[in-house]
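Values below: all heavy atoms of this structure, side chains included; hydrogens, waters and symmetry mates excluded. Letters A, B, ... mirror the listed sequences (proteins, then strands); counts begin at 1.
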Protein chains: 2
Amino acid sequence: MRKKRKGCDVPEATIHRLPLYLEKLKLLQAIGVEDVSSRQLAESLDIKASQLRHDFHYFGGFSRPGRPYQVDKLVPALERIIGIADPVPTIIVGAGHLGQALANYQNLDLQGFPIHGIFDVNPRLIGLEIRGQPIRDMDEMAGIVRSENVLIGILTVPGSHAQEVADQMVKAGIVGIFNFAPTDLKVPQGVAVRNERLAVGIMALSFKVKCILEAQTQASPADEVGAPGKTAAEGDGHDQVS
Amino acid sequence: MRKKRKGCDVPEATIHRLPLYLEKLKLLQAIGVEDVSSRQLAESLDIKASQLRHDFHYFGGFSRPGRPYQVDKLVPALERIIGIADPVPTIIVGAGHLGQALANYQNLDLQGFPIHGIFDVNPRLIGLEIRGQPIRDMDEMAGIVRSENVLIGILTVPGSHAQEVADQMVKAGIVGIFNFAPTDLKVPQGVAVRNERLAVGIMALSFKVKCILEAQTQASPADEVGAPGKTAAEGDGHDQVS
DNA sequence: CTTGGCGTGTCAAAAGCATAACAGAACACC
DNA sequence: GGTGTTCTGTTATGCTTTTGACACGCCAAG
């Protein structure tokens, strides 16, 4: 199981940067930029150029040694690597507030994850339309997953039902679960899970905030909000104190 | 700027695990468990016991060498470390679908982040009530932030306005920004930002899915969904193929 | 009182990741 | 045609994080 399957033994950290690269490149593409050097691209993302080249290196040459990257070549290459060269059929399971919000988030469509169905058990929600799509009964999920070759499921049900629903999704043939429930899911081999834990995010932020406040009160007796000077931003799901 | 301010020079990865520890411990506390060993706690979170002890070690002894951890001691200790011993006043800026969904997400309240205001510029939304709180005009934000000592702001406006709104939040005195917009924010020193990038998450998942499919078609000619056997779950914002 | 088992705190080894350094390819200019 | 510059692919170095190992404290049983 530790085999080197093509371009799949890539550091976790690199994987999380690929979408950022793609995003920025699409932006450049949209404004007509044709070439971009590793330095330019890296700086605009607040990372080191060497890291970017290192990341790309996992997937073979995107450019010849002497020439900068060609945006029009790089975008489809990254899309292929990430697996969104063709749209990835996706469903949303759980049509509560969060599920509805995600269903309304058109960026998902635009970025290669068309929503092929929204499901819930609540009879009051079933039938309600969101962006032209009705909320369907859970019973219909398996059928649609199979008939439309759905690969990814976004799970936005309450934590108490998350495992049970995840089991159904897996049984129906879903290979990737984007889990918003505050529960660790148990899934069989060959299924990928990504937990997007709101509480974790805000608590990590709180820790940083606490540290900032402590530093301020300890260091300077009276330090007030002043002129914005330095900048700091961040990629992925991590964060940075600036 | 590289000073060792109390317990604040802690690895990023450790910070992201603290909320998971707390969550699990609260669960144990709720069902009446009094003591827990590092092994038990670690296994239930799918991490190594040595890592858990190492993490705790950053903050000094939670237990005496020979005794297991006492849940009732650990929970408040972690809450103090994370900075949620007392509730952290929080606001939501941007009352679109996602903002409303988060406002409805009562777990935020329960976990120490009471929502002290929901703001938007859209006159159609202003006045609408969510969980007993009206959506207010952006103009009122700064006042409330100051009067209620709001520390954290959840930013759910469109990417095109994110930077501008973030500037207002910082100027009003907010110290931590939980950013859901697909934009890198520039903030002055002394402000923490955490980006929760949906697109990054789902694309990272997609990469894993693509790898799984490739492995399946390459390795076994006909491999069908079988009996769930092994388990795999994940904390934070990371993910794991199982 | 002694002994054995368990469990933490602590340190050392290993792995993973980020950064820097370098060699060589392409192009532009002279 | 040569030469200098720019840029990538690649390898090497250093650092952070994870994992493993161990010494000692505590408790229970004999």
Atom [atom1] of [X] and atom [atom2] of [N]: how far apart are they, to the nearest Å?
{"X": "D55(B)", "N": "dG20(D)", "atom1": "CG", "atom2": "C1'", "answer": "15 Å"}
{"X": "F59(A)", "N": "dT8(D)", "atom1": "CZ", "atom2": "P", "answer": "17 Å"}
{"X": "D9(A)", "N": "dG16(C)", "atom1": "CG", "atom2": "C1'", "answer": "13 Å"}
{"X": "E12(A)", "N": "dT16(D)", "atom1": "CD", "atom2": "C1'", "answer": "17 Å"}
{"X": "R39(B)", "N": "dT19(D)", "atom1": "CZ", "atom2": "C1'", "answer": "15 Å"}
{"X": "Y69(B)", "N": "dC6(C)", "atom1": "OH", "atom2": "P", "answer": "18 Å"}
{"X": "F56(A)", "N": "dC17(C)", "atom1": "CZ", "atom2": "C1'", "answer": "17 Å"}
{"X": "Y58(B)", "N": "dT8(C)", "atom1": "OH", "atom2": "P", "answer": "18 Å"}

Self-check item: Full working for side chain to side chain donor-acceptor pair (under 3.5 Å) between D55(B) and Q51(B)
Solution: CA-CA 6 Å; D55(B) 283 343; Q51(B) 180 164 68; 5.3 Å; no

Minimum-distance nucleotide (side-chain atoms of [X] versus [options]):
{"X": "A13(B)", "options": "dT17(D), dT19(C), dC17(C)", "value": "dT17(D)"}
{"X": "Q51(B)", "options": "dC27(D), dT8(D), dT18(D)", "value": "dT18(D)"}
{"X": "R67(A)", "options": "dG7(C), dT8(D), dC27(C)", "value": "dC27(C)"}
{"X": "R64(A)", "options": "dA26(C), dG20(D), dT10(D)", "value": "dA26(C)"}
{"X": "R53(A)", "options": "dC22(C), dC17(C), dT8(C)", "value": "dC22(C)"}

Quiz item: When you look at CD of Q70(B), are more than 12 heavy atoms from neighbouring residues, nucleotides or ligands closer to it than 6.0 Å?
Solution: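 Counting neighbours around CD of Q70(B), more than 12 heavy atoms of other residues, nucleotides or ligands fall under 6.0 Å, so yes.
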
Quiz item: Reckon H57(A) has a side-chain N or O less than 4.0 Å from the OP1 or OP2 of dT10(D)?
Solution: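 So the side chain of H57(A) is within the cut-off, an N or O lying under 4.0 Å from OP1 or OP2 of dT10(D).
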
Quiz item: Within the pair R17(B) and dT18(D), is there a side-chain N or O less than 4.0 Å away from OP1 or OP2?
Solution: yes

Quiz item: Quick one: on DNA chain C, does H54(B) or S38(B) contact a more 5' nucleotide (nearest heavy atom)?
Solution: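 The residue closer to the strand's 5' end, by nearest nucleotide, is S38(B).
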
Exercise. Between P68(A) and S50(A), just flag the one whose closest nucleotide in DNA chain D comes earlier from the 5' side.
Key: P68(A)

Quiz item: Do side-chain atoms of S206(B) reach the backbone of I82(A) as a donor and acceptor pair under 3.5 angstrom?
Solution: yes

Quiz item: Yes or no on side-chain contact (heavy atoms from CB on, under 4.5 Å) for V187(A) and I177(A), after CA distance, side-chain angles and deciding distance?
Solution: CA-CA 9 Å; V187(A) 296; I177(A) 298 179; 4.3 Å; yes

Quiz prompt | V175(A) vs V191(A), side-chain contact (heavy atoms from CB on, under 4.5 Å): CA-CA, chis, key distance, verdict | solution = CA-CA 5 Å; V175(A) 185; V191(A) 176; 5.5 Å; no

